[in-house]
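Report on the structure given below.
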Amino acid sequence: MSNTHCVHLWDWWWADVAISLVVATFTGLSALPLVQETLKIFLEYAPESIDPIEVEISLKSFPGVVQVEKLHIWTISSNKVILCANLTVECATTQERDRLLTKLQAHLQKNFNIAEITLQLTSCRKPSLMPIHPLFNQDIVLMLSANKTN
């Protein structure tokens, strides 16, 4: 006997409403975890599986990394995590800094399963001490005056 027959036959007008509320409640409760996960993605929450403090300690454990600042970790889909951070490093050369960057990215991908990584490496050395190009190791005034005398 269907729900509408019960309502008409025994004048159970409340049965249709009660059954509809029960179905709606079960549907809402079953969708709640999906809604929570979706809100975490939309609000760009940090994933629960990754502890930012552990990530920071891990980054600082690398030789050459002096400081980690502005560390942000967030989720953009159910299985895609992004990390962005500014690191102060001690590297003598650009090649050394590039090698360190590659090692850090590989470490974060392997150990924390982070898909997208943006690291900004800043040298703790003063910019005036760091040569831009090997030619600029020489005094530019001497080079220009030597060209004029020739």
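Owing to the predicted nature of the structure, the values given are computational and were not obtained by experimental measurement.
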Note to self: Working to the nearest 0.5 angstrom, can you tell me the gap between W74 CH2 and I50 CD1?
What the structure shows: 12.0 Å
Note to self: To the nearest 0.5 Å, what is the distance between OG1 on T94 and CZ on R99?
What the structure shows: 10.5 Å
Notebook entry, point to check: Taking everything shown except L32 itself, do over 12 heavy atoms lie less than 6.0 Å from its CG?
Noted result: yes
Notebook entry, point to check: Would you call I57 and V68 a side-chain contact if the rule is heavy atoms closer than 4.5 Å?
Noted result: no
Margin query: Side chains of N111 and V55, heavy atoms from C-beta outward: is any pair under 4.5 Å?
Written below: no
Margin query: How long is the straight-line distance from CG of L71 back to CD1 of I53, given to the nearest 0.5 Å?
Written below: 10.0 Å
Notebook entry, point to check: If you draw a 6.0 Å radius around CG in D98, do more than 12 non-hydrogen atoms from other residues or ligands fall strictly inside?
Noted result: yes
Checklist line | Heavy-atom pair with the smallest gap, counting every atom of A115 and Q109 | finding: O-NE2, 3.9 Å
Check: Taking it one step at a time, do L119 and L83 satisfy side-chain contact (heavy atoms from CB on, under 4.5 Å)?
Finding: CA-CA 8 Å; L119 297 174; L83 177 139; 3.7 Å; yes
Check: Roughly how far, to the nearest 0.5 Å, is CD of E54 from CG of L59?
Finding: 11.0 Å
Next item on the list: May I ask you to check whether over 12 heavy atoms, not counting those of K60, lie within 6.0 Å of atom NZ?
Entry: yes
Next item on the list: With the side chain counted from C-beta on, respond yes when N86 and T122 share a heavy-atom pair under 4.5 Å apart, and no when they do not.
Entry: no
Item checked: Approximate separation, where rounding is to 0.5 Å, of L108 CG and E116 CD -> 12.5 Å
Check: How close do V81 and I114 get, heavy atom to heavy atom, and via which atoms?
Finding: O-CG2, 3.5 Å
Next item on the list: Indicate yes or no: at least one non-hydrogen side-chain atom of L100 is less than 4.5 angstrom from one of L87.
Entry: no
Notebook entry, point to check: Once you round to the nearest 0.5 Å, how far does NZ of K110 lie from CD of Q105?
Noted result: 15.5 Å
Item checked: Considering all heavy atoms, the nearest L21-T25 contact -> O-OG1, 2.7 Å
